[in-house]
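Note on naming: letters A, B, ... go to the chains in the order of the sequence lines (proteins, then strands), and numbering restarts at 1 for each one.
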2 protein chains.
Amino acid sequence: MSGLRHAILGLLARQPYTGYQIAQLMKRPVGYFWQARHSQIYPELESMSHDDLVAATVINGPGPRPTKEYRLTTAGRTALLDWLGSPVSPLSAGRDDFELRIWSAWLLPPDQVAAMISERRAMVLERQSEYRAILASFPTRMSHGDPRSGEWMTLQMGLGYEEHRLAWCDRMLLTLAAG
Amino acid sequence: MSGLRHAILGLLARQPYTGYQIAQLMKRPVGYFWQARHSQIYPELESMSHDDLVAATVINGPGPRPTKEYRLTTAGRTALLDWLGSPVSPLSAGRDDFELRIWSAWLLPPDQVAAMISERRAMVLERQSEYRAILASFPTRMSHGDPRSGEWMTLQMGLGYEEHRLAWCDRMLLTLAAG
DNA sequence: AGGGGCATGTAAAGAGTTACATGATTCT
DNA sequence: AGAATCATGTAACTCTTTACATGCCCCT
C-alpha cells in the first residue's frame, strides 16, 4: 500500500472528511511530511472505496457534482493498524533538493554560497514560527489515544528538523566567513 | 530540469564516470539525499547526451554492450551553474514515511509506539556511525573549490539530521514512559 | 560449477505534477 | 462585477520502482 493511502487512512481514523477537506489537510498540517494534490486524492479515494477501505455518503454542497463525505470502514481501520504493526521502513528514501545544491556548491564563489544559505535560513525561520504558532494552541498534557498526540509528535519532529537546519546554516556561514 | 539531471551533472562536474559508477554513487554517498536506480540513470544519460549536456566515450569493459564513460560538456557545466544560481526552492517537498506512522501512532498502545521508536532509534545510530566513518577520512581543512567540501557540507547536514532524530526518539521515549 | 560483481539496457506499472474543466456561494 | 473559496473530477505528462534480459570476469 502506498504512502498516500496511509495518509488518508490516518486522517479518516480521526474523523470523516470530504475529498476537498482532505486535500486542504494534505497541504497543512499533513503536508509538512506528506503532500498530495486533489488530482491525486480524488481518484485514490475512489480506488479505496472500491477496495472497501472507506465509504462515502453524499451530503449537500455547492458545485456541479455531488459532495461526498468519506469515513473509515472496519477493513480500513484494520489495514491502518496492520501497517502500523509492520516493520519500520529503513532510513532515507528521502530526496532533498537543497542538499543536492549544496553537493555542487563548491563550484560557486564563497559569497554566492553564503547568499544561498542565507536565503535558506530565512525560510527555516519562517517555518519554525509556523510550527511554534501551531504548538502554542496545544494543551500542555494530552492523554494517549488523543489524535492530537499524534500531531504533537510530528510537530516536535518538524520543529527539531528546523532547529537543526538553522544550526547547520549558521555553522556553514561561519565556516565560509572564516575562509 | 529534474533533480536526477542535477545530481548527474553534479557528479560529472567532479570527474568522468561510467553509467554503472554513477549508479553506485547514487546509492552512496549521493543516495543519502538523492537516490536513483540504474534503470532510471541509463535512459537519463542517453537523454542528456541527446541534449548535449554530457558526452560519452566508449572504453573497453566486460559484458554484451559497450562500456561508456560520460563527461560534462561546456553546455552541461553552464546548465549546472545556471541551476545553482537560480532561487532556492521552498522548504519541504519532502515525504517522510516515519512521520506518517507517528501521525497515526495514537491508535496504538503506548508500549507498541515505544517499540516502534526504539526500532527507529537503532537505525539512526547505525546511520550516524556510517556518517562518522566517512567524515573521519576527510582532511581537517579543505580549500573552497575542492569537490570534497561539497560532500563535507552534505555530511554535516546528514549527521545533524541524525542527531536531531536521535534526540527526538529519546524525548518521545521519555514522554511515553512518563505516560 | 556456482555466486557475486561489472556493465548496460528495456518494459510495464505505479506515483506524482500540471493543466484543463465546471459551477455554486460568499465576500469586497 | 469580480475575486476567492468551496467542491469534484479528468487528461497528459513526468518521475520512480520493479522486473526482465544479457554476458563477461573473478573468486572459491
Side-chain angles (χ1 to χ4, degrees), chain A residues 1-9 11 16-28 30-31 33-51 54 56-70 83 89-90 92-97 100, chain B residues 1-9 11 16-28 30-31 33-51 54 56-70 83 89-90 92-97 100:
Chain A
M1 259 212 299
S2 68
L4 179 55
R5 282 208 166 186
H6 298 141
I8 292 174
L9 290 174
L11 272 169
Y17 285 114
T18 66
Y20 185 82
Q21 288 174 319
I22 291 174
Q24 302 305 302
L25 292 162
M26 295 293 278
K27 283 178 198 151
R28 204 168 11 109
V30 181
F33 49 89
W34 204 278
Q35 319 95 50
R37 323 265 163 184
H38 78 272
S39 60
Q40 205 185 350
I41 291 164
Y42 288 120
E44 189 65 36
L45 282 168
E46 188 61 32
S47 139
M48 288 169 79
S49 193
H50 184 267
D51 294 348
V54 300
T57 318
V58 173
I59 60 175
N60 55 343
R65 272 172 290 269
T67 300
K68 287 181 241 169
E69 191 179 61
Y70 288 90
W83 170 62
S89 58
S92 150
R95 290 187 165 84
D96 189 325
D97 198 64
L100 201 53
Chain B
M1 261 212 298
S2 69
L4 179 55
R5 283 208 165 188
H6 298 141
I8 292 174
L9 290 174
L11 273 169
Y17 286 114
T18 67
Y20 185 82
Q21 289 175 318
I22 292 175
Q24 302 305 302
L25 292 162
M26 294 293 279
K27 284 177 197 150
R28 203 168 11 110
V30 181
F33 49 89
W34 203 278
Q35 318 93 47
R37 324 263 163 187
H38 78 271
S39 60
Q40 206 184 350
I41 292 163
Y42 288 119
E44 190 65 36
L45 281 168
E46 188 62 31
S47 139
M48 288 168 80
S49 193
H50 183 267
D51 293 349
V54 300
T57 317
V58 173
I59 59 175
N60 55 343
R65 271 173 290 268
T67 300
K68 287 180 241 168
E69 192 179 61
Y70 288 90
W83 171 61
S89 58
S92 151
R95 292 187 164 83
D96 189 325
D97 198 64
L100 201 53

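Distance CD1 (B:Ile8) to C1' (D:dC15): 13 Å, rounded to an integer number of Å. For B:His38 and D:dT22, the NE2 to C1' distance is 11 Å, given to the nearest whole Å. Rounded to an integer number of Å, the gap from OH of B:Tyr42 to C1' of C:dA11 is 17 Å. As a whole-Å value, the separation of B:Gln35 CD from D:dT18 P is 11 Å. Taking atom CG of residue A:Leu45 and atom P of nucleotide C:dA15, one finds them 15 Å apart after rounding to whole Å. Taking atom CD on B:Gln40 and atom P on D:dT16, their separation rounds to 5 Å, with Å as the unit. One can place CZ of B:Arg65 at 4 Å from C1' of C:dG9, the figure rounded to the nearest angstrom. In this structure, A:Glu44 atom CD and C:dG14 atom P are separated by 12 Å, rounded to whole Å.
Comparing B:Tyr70 and A:Ala36 along DNA chain C, the residue whose closest nucleotide (by nearest heavy atom) sits nearer the 5' end is B:Tyr70. Nucleotides of DNA chain C nearest to A:Gly3 and B:Gln24 differ in position, and the one nearer the 5' end is that of B:Gln24.
Taken from CG in B:Leu100 to CZ in A:Arg5, the straight-line distance is 14.0 Å, to the nearest 0.5 Å. Atom CD1 of residue A:Ile8 and atom CD of residue A:Gln40 lie 8.0 Å apart, to the nearest 0.5 angstrom.
Minimum interatomic distance between B:Ala56 and B:Tyr70 (heavy atoms only, all atoms of both residues): CB-CE2, 3.6 Å. When all heavy atoms are compared, the tightest approach of B:Gly3 to B:Trp34 is CA-CZ2, 3.5 Å. Considering every non-hydrogen atom in both A:His6 and A:Met1, the closest pair reads CE1-O, 3.3 Å.
For D:dT17, the OP1/OP2 oxygens have a side-chain nitrogen or oxygen of A:Arg95 closer than 4.0 Å. Between A:Tyr20 and the phosphate of D:dC6, there is a side-chain N or O to OP1/OP2 separation shorter than 4.0 Å.
Heavy atoms of A:Arg5 sit nowhere under 4.0 angstrom from any nucleic acid atom.
With hydrogens and angles left out, the side chain of B:Ser39 and the base of D:dT18 share a donor-acceptor pair within 3.5 Å.
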